[in-house]
2 protein chains.
Amino acid sequence: QGTRDHPPAYTALRDRLLAAVVTCFKRHGAAAIDTPVLELRETLMGKYGEEAKLIYELQDQGGELLALRYDLTVPFARYLAMNKITNMKRYHIAKVYRRDNPATTRGRYREFYQCDFDIAGQFDPMIPDAECLKIVHEILSDLQLGDFLIKVNDRRILNGIFAVCGIPESKFVTACCTVDKLDKVPWEEVRGEMVGEKGLSPEAADHIGEYVQLHGGLELIERLLQDPKLSQNKLAKEGLGDMKLLFEYLTLFGITGKISFDLSLARGLDYYTGVIFEAVLLQQENEHVEEPVSVGSVAGGGRYDGLVGMFDPKGRKVPCVGVSIGIERIFSILEQRMKASGEKVRTTETQVLVATPHKHLLAARLKLISELWGAGIKAEMLYKKDPKLLKQLQYCEDTGIPLAAIVGEQELTDGVVKLRDVATRVEVRM
Amino acid sequence: QGTRDHPPAYTALRDRLLAAVVTCFKRHGAAAIDTPVLELRETLMGKYGEEAKLIYELQDQGGELLALRYDLTVPFARYLAMNKITNMKRYHIAKVYRRDNPATTRGRYREFYQCDFDIAGQFDPMIPDAECLKIVHEILSDLQLGDFLIKVNDRRILNGIFAVCGIPESKFVTACCTVDKLDKVPWEEVRGEMVGEKGLSPEAADHIGEYVQLHGGLELIERLLQDPKLSQNKLAKEGLGDMKLLFEYLTLFGITGKISFDLSLARGLDYYTGVIFEAVLLQQENEHVEEPVSVGSVAGGGRYDGLVGMFDPKGRKVPCVGVSIGIERIFSILEQRMKASGEKVRTTETQVLVATPHKHLLAARLKLISELWGAGIKAEMLYKKDPKLLKQLQYCEDTGIPLAAIVGEQELTDGVVKLRDVATRVEVRM
């Protein structure tokens, strides 16, 4: 349940999509690493907040207690700490596992690919963070998925807001989770949950509401930096200062047109400590709607400066920032688009079928195909002793093989091959 | 235990190796599929004989009872049966899981890659089987691993031998397992196990010994086809007839020089029904030994005509033959060779570092690198506001970046970039 086999057409399209992502990661100088699917259970515990219940555990068959990795970020942090690496730019593309309620039509599975790019190391503020956003911008532009928007916020700004609204620090995380729902439900509902379930005062909730419904760009950052309350809060001031720097760098990259400083963005995971971001696709223009509507998140990430330290015996911190590309969601979109267009993906790359026009020529086919393979040519033949020529040409048409190399008695005598263009039926002897 | 992180240098070398294998699989017209790491436990039960105890099981957290896949063959057979596919040539490269005693120095892990190529379908005898052997020959030749030998046998021939030696059919499988040890221990020891543990008569054991110590080529096949006892056994006769055909095809492929019909080859897994084979590397000539000694299996496979039927509600059979490339063993060899030669693998592909010779030029670097990325050039910069030029050039040398694009005040004024060849220190303004 919630997993699936990937047939050839799927795999071919997926490989094309992953290649585009890898090309971008390599363009930015990242190295690839790989970590086991299995992690010690204790490694995963206490890293995912309420989501921890979705971790797959292995049966205790003697030896270590194991679990399947939930994401690629925690294994990366463990990898850095275990190997005492303080400086690394890496990508990792692999499957992760979540015992979630699958929603397969929306591309949500229990086993799915993640494509992560992260920068670890102590650097000057916001330079690696800006590069992560640039990467999201490049990938979503390259894939031509339609219009998109990258929402940016900072955990320090959110915590600052909670503080100035009088929320006790112990409730920051839960308040964060509630705010995070603002992209799916209206403010009134979020406010209801805050006052009801979460037990915040109506005044505090209203006060939070004034902030978290704001979104904009550099001018909003400037305005909040002047905000009499927020500007008094150390965390918020730091966050806003860095956000201003980030926007400066993004301006130099020329991508602020698709970036929105959005105070409602909170993101669920425990481990974020600074900048957070999420990219959403906007409804296509040809769907004739007044305002562009989000059709779901396709990338997300943020800064997690404390995670590596959790795995280091001496608690030594390695600041990190990273991005995860939501390849499954993107794949669903490309797949639907392909179905709609009726385009067919070739699942093999075979260039030529070695064929014979009559019986008793298996030896000739085997010799010729062996020669072609030796020359690096992608070649197939039917696994029949005496296949009919029509069947062989039909196989070319079915599977998209463009050429047939035909050897009959005459060709053998003359020492030639008849090369046939399957589509045009033009034949040349060579 | 028995798993490992793959650091960048490993991953880069592995990706190169896998690319070579995929190139060969695609040259033979295979399509790629992917299946989940998780399988239903019942899918894996009864397919691996005594090895079943090595299967990793997941904890029962509600829902289906799951296990981690043990190989890629059983999932492939399940895939064919579930989707009612009767005809397919596919490859699959993915990790599999075995709770084995790890022997990591010999490349044996609990999580490791398998690279499988299989041909499913009802075809004329031995044509797909010959292609599998051709693929092993191509890959081992391409990778230049040194001299190798591909041993070939047939389960039907082995079973025929056991039958004519008076072994009851119920003991075929266990006799098979014992014979399989002949590549590691001398015949006397194998004989001892047969007569002792397995309870065969000394006469039967001696009789088996006469057969299973034979190896050769076409002339041996011909001799056994004339063998007064074997030629009376239906299974053995079928197997020997097909073996003869196989050698004819391999002769046309020009690869019999590295193929040995070896009656001691048995292979452990339950599901093989016909041809079986295994490739071993031979000790290098420069090690001055009289006779080439096997240093371990690097590929193996065979025919399994009954496995798909086990997953079909109506038991419909789909004959299959396939090969698995032992990529981990091959990797260990390449890695040792690389260490010995002192060759360093580059872990990134960065072409140019964007650098500045003095302070206050971060904006210039960000603008230039953005332009380079936009042009598809792999570029990096240091994440410092004001890095020293020496540090930047040192980074190029450490990571193998061949070029530095340097912008200073003068270059900005002139609208040029100074491009420096890191190795030669030659600079051009452009």
Side-chain angles (χ1 to χ4, degrees), chain A residues 1 3-8 11-12 15 26-38 56-61 63-64 79 82-83 90 95 97 99 111 119 121 123-124 127-128 130 134 138 249 252-254 347-350 362-363 366-367 370 373 376-380 383-385, chain B residues 1 3-8 11-12 15 26-38 56-61 63-64 79 82-83 90 95 97 99 111 119 121 123-124 127-128 130 134 138 249 252-254 347-350 362-363 366-367 370 373 376-380 383-385:
Chain A
Q1 207 200 343
T3 70
R4 66 193 151 160
D5 293 316
H6 300 173
T11 308
D15 284 352
K26 284 187 173 172
R27 191 160 61 228
H28 288 262
I33 71 160
D34 191 16
T35 65
V37 165
L38 306 167
Y56 274 104
E57 298 185 353
L58 269 85
Q59 182 131 306
D60 181 2
Q61 294 172 290
E64 298 147 324
Y79 173 81
M82 266 179 72
N83 296 286
R90 82 90 177 78
K95 287 173 174 178
Y97 298 84
R99 289 181 52 254
E111 174 185 69
I119 300 169
F123 302 115
D124 282 323
I127 310 180
K134 178 77 169 83
E138 284 180 18
Y249 297 160
L252 290 163
F253 284 157
T347 59
T348 64
E349 298 177 8
T350 309
L362 176 59
L366 288 171
K367 277 182 90 158
S370 182
W373 287 331
I377 291 166
K378 295 168 193 155
E380 284 184 76
Y383 300 122
K384 295 272 172 197
K385 267 173 79 173
Chain B
Q1 206 199 344
T3 69
R4 66 194 149 158
D5 293 316
H6 301 173
T11 309
D15 285 352
K26 285 188 174 172
R27 191 160 61 230
H28 287 261
I33 71 160
D34 191 16
T35 64
V37 164
L38 306 168
Y56 274 104
E57 297 184 353
L58 269 83
Q59 181 132 306
D60 181 2
Q61 294 173 289
E64 300 146 323
Y79 173 81
M82 266 180 71
N83 295 286
R90 82 91 178 76
K95 287 173 174 178
Y97 298 84
R99 289 182 51 256
E111 173 186 70
I119 300 169
F123 302 116
D124 282 322
I127 310 180
K134 179 77 170 81
E138 284 181 17
Y249 298 159
L252 291 164
F253 284 157
T347 59
T348 64
E349 299 176 7
T350 309
L362 175 59
L366 289 171
K367 279 182 90 159
S370 182
W373 288 330
I377 291 166
K378 295 168 192 154
E380 285 184 76
Y383 301 122
K384 295 273 171 197
K385 269 174 77 172

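Protein chains get the first letters and strands the later ones, always in sequence-line order, with residue 1 at the start of each.
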Choice from [options] maximising heavy atom contacts with chain B below 4.5 Å:
options	value
Thr35(A), Val37(A), Asp60(A)	Val37(A)
Asp5(A), Thr348(A), Thr350(A), Thr11(A)	Asp5(A)
Gln59(A), Glu349(A), Lys378(A), Arg90(A)	Gln59(A)
Gly121(A), Gly29(A), Ala379(A)	Gly29(A)

Closest approach of [X] and [Y], non-hydrogen atoms and distance?
X	Y	result
Arg27(B)	Trp373(A)	O-NE1, 3.3 Å
His28(A)	Glu380(B)	O-CG, 3.9 Å
Ser370(A)	Phe253(B)	OG-O, 3.5 Å

Please state whether the side chain, the backbone, both or neither of [X] comes within less than 4.5 Å of a heavy atom of chain A.
X	answer
Ala12(B)	neither
Ile377(B)	backbone
Gln1(B)	both

Original post:
Should Pro8(B) and Ile33(A) count as side-chain neighbours, where that means a heavy-atom distance under 4.5 Å?
Top reply: yes

Original post:
Do Lys95(A) and Asp34(B) touch side chain to side chain, with heavy atoms closer than 4.5 Å?
Top reply: yes

Subject >> side-chain contact (heavy atoms from CB on, under 4.5 Å) partner of Pro36(B), the single match among Arg4(A), His6(A), Glu111(A) >> reply: Glu111(A)

Subject >> Under 3.5 Å donor-acceptor, Gln61(A) side chain and Glu57(B) backbone >> reply: yes

**OP:** Output yes when a side-chain donor or acceptor of Asp124(A) lies under 3.5 Å from a complementary backbone atom of Lys385(B), and no otherwise.
**Re:** yes

